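A short worksheet on the structure shown next.
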Amino acid sequence: MGVAVGDSCMSNLTFEANGITLEQVREHVWEIPQEGEMRVPARVLASESLLEEISEDKTLEQLKNTTHLPGITNYAICMPDGHQGYGFPVGGVGAIDAENGCISPGAVGYDINCGVRMMKTNLTYDELRGNEAELVDSLFANVPSGLGGGGIVEADIDTVDEILARGVDWALEHGHAVEEDLLHCEDEGMREEADPSKVTQKAKDRGKNQIGSLGSGNHFLEVQRVTDVFDDEVGEAYGLEEDQIVVLIHCGSRGLGHQTCNDYLRKIEKQHQGLLNQLPDKELAAAPAGSQLAEDYYGAMNAAINFAWVNRQLIMHRTRKVFERVFDRSWEEMEMHLLYDVAHNIAKKETHIVDGEERDLYVHRKGATRAFPAGHPDVPKAYRDVGQPVIIPGSMGAGNYVLRGGEHSMERTFGSTAHGAGRLMSRTQAKNEFWGGDVQQQLEEQDKIYVKAQSGATVAEEAPGVYKDVDEVVSVSDDLGIGDKVARTFPVCNIKG
DNA sequence: ATGTAC
């Protein structure tokens with residue numbers, strides 16, 4: 001348990017937990033000063049109560065460890081929703097020199113391009129009321145979910161290769177997308193650096209029958225209603241208004257991404273032991289920039305990114321068909337347009353200004369969202385004047401946020417913000433505290449939220465009570481000017497693995 | 001997150 005100590009002067013405030021001391025730099029910014037083998041300081045962006053929660057697992061220790069990675073720039077960052085992960089915290093951002101540094105699979109995460117996309121509709125909550133049960137059943141019946149195989153598309157290895165190389169462009173050619181879907185996705189749904197030949201046969205085999213499937217764990221498809229629009233101008237640019245129905249899809253690259261992460265961790269551990277021995281945790285295994293394995297992993301990771309985008313695209317397009325049947329109207333009539341798709345687990349070569357100089361960095365965002373501000377050339381044209389949409393799922397009982405990239409994101413967080421509410425307890429602990437059936441019943445009776453899942457255990461693991469307060473996470477982002485509040489949504493129907 | 005374990 002951490003304890004904040006200090007006098008009334010804010011600049012002297014410190015926070016101590018597990019032998020790690022953080023100094024408050026300003027409100028919501030805490031720093032672990034550089035010492036020993038640390039190459040740079042580390043920063044936690046959090047309110048005091050979120051920092052208390054963050055300090056209860058190994059997050060701070062892991063964050064400190066990441067500052068040992070060669071080429072890490074300015075400081076390692078932990079977002080307000082941070083928690084312990086494999087080697088590198090979930091909610092972590094590490095910007096690492098792409099010429100003299102390294103790339104680390106653990107700093108991307110096992111679920112490569114786990115992310116979310118939001119699709120709009122022109123339906124109102126009043127129009128939907130009474131149809132919740134039919135809608136949730138129909139979504140559950142038509143969108144594959146749960147562990148193991150079974151997707152919207154079954155592919156052979158050649159088709160998997162095409163998906164890995166072309167991303168959503170493949171979906172467009174095969175009738176699972178329309179042109180505008182590409183324009184509203186990060187990188188237009190395709191990473192050109194993808195190299196399918198660097199993805200192992202085993203990973204492709206795992207992926208070929210999972211194309212268009214939610215998976216399990218915290219992945220879900222949720223029908224939501226917009227309850228608040230905080231910024232009218234940006235809300236209008238995004239096409240969001242109160243009482244509107246939207247759909248949020250949260251999933252990743254399934255077994256293919258998981259296998260890819262695993263394959264490269266093992267290869268890197270073997271081939272780059274020298275670097276591994278310099279690091280405080282084997283889970284941070286990294287390939288030196290410029291090495292063959294760094295290039296290979298980058299090509300394979302980008303291919304897995306494309307796979308995840310196709311996955312979300314197929315699920316979204318299938319959702320349009322489900323709405324067509326339930327509401328007896330065409331999806332075009334219901335204006336079911338993609339707002340945006342954001343990646344939560346990714347490393348990308350980006351150019352950032354560091355000490356007045358342009359630098360090429362591998363920006364590792366693991367459980368963190370790109371949040372580019374207005375005017376940035378990588379923000380799609382439709383949103384260039386207001387900033388990139390950032391989509392932050394909370395828990396299935398709390399609601400979700402749409403933010404826009406804030407004007408301080410480039411200088412403070414390498415263009416990043418938080419990605420969700422963040423877990424408060426382990427899955428095992430969650431199952432001891434909650435029973436899936438109770439959670440489901442309570443959500444329906446008290447909040448009119450219709451949940452349908454493959455397994456009651458998953459509902460328990462994802463109970464609203466196992467998550468941090470998403471409102472507080474978002475208020476830290478908003479306060480720091482890295483991601484500004486635009487709208488809030490509340491669940492109506494939720495399907496999950 | 002994940003053919004819920006190497």
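Quick note on labels: first sequence line is chain A, next is B, and so on, each numbered from 1. Everything numeric in this text was worked out from a predicted model, so none of it was measured.
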(message) At 4.0 Å (heavy atoms only), tell me whether A:Gln210 reaches a base, stays on the sugar-phosphate, or touches nothing.
(response) sugar-phosphate

(message) Is it true that A:Asp111 and A:His258 share a donor-acceptor pair across their side chains at a distance under 3.5 Å?
(response) no

(request) With sequence neighbours left out, write down each residue that passes ring pair (Phe, Tyr, Trp, His ring centres under 6.0 Å) with A:Tyr401, or none if nothing qualifies. (result) none

(request) Identify, residue by residue, the members of residues 246-264 of chain A with a heavy atom below 4.0 Å from DNA chain B, and return them in order of residue number, or none. (result) A:Arg254, A:Gly255, A:His258

(request) Taking side chain to side chain contact (heavy atoms under 4.5 Å, CB included) as the test, write out the residues that go with A:Ala347, two or more places apart. (result) A:Ile103, A:Val108, A:Met301, A:His364

(request) Provide the full list of salt bridge (charged side-chain N to carboxylate O under 4.0 Å, His left out) pairs with a residue in residues 246-267 of chain A, sequence neighbours left out, each pair given once. (result) A:Arg266-A:Glu269

(request) Send over the distance from A:Gln454 CD to B:dT2 C1', rounded to a whole Å. (result) 16 Å

(request) Tell me what A:Lys202 touches on the nucleic acid: a base, only sugar-phosphate, or nothing, going by heavy atoms under 4.0 Å. (result) base

(request) Can you tell me the distance, in whole Å, between the CG atom of A:Asn345 and the P atom of B:dT2? (result) 11 Å

(message) I'd like to check the salt bridge (Lys or Arg N to Asp or Glu O under 4.0 Å) partners of A:Glu53; sequence neighbours left out, ordered by chain and number.
(response) none

(request) Round to the nearest Å and state the distance from A:Asn113 atom CG to B:dT2 atom P. (result) 13 Å

(request) Nearest whole angstrom, please: distance from the P of B:dT2 to the CG of A:Asp111. (result) 6 Å

(message) Run the side chain to side chain contact (heavy atoms under 4.5 Å, CB included) test against A:Arg39 and tell me which residues pass, sequence neighbours left out.
(response) A:Pro70, A:Ile72, A:Gln278

(message) Can you measure A:Leu265 atom CG to B:dT2 atom P for me and round it to whole angstrom units?
(response) 17 Å

(message) Using whole Å, what does the distance between atom P of nucleotide B:dT2 and atom CZ of A:Phe307 come to?
(response) 11 Å

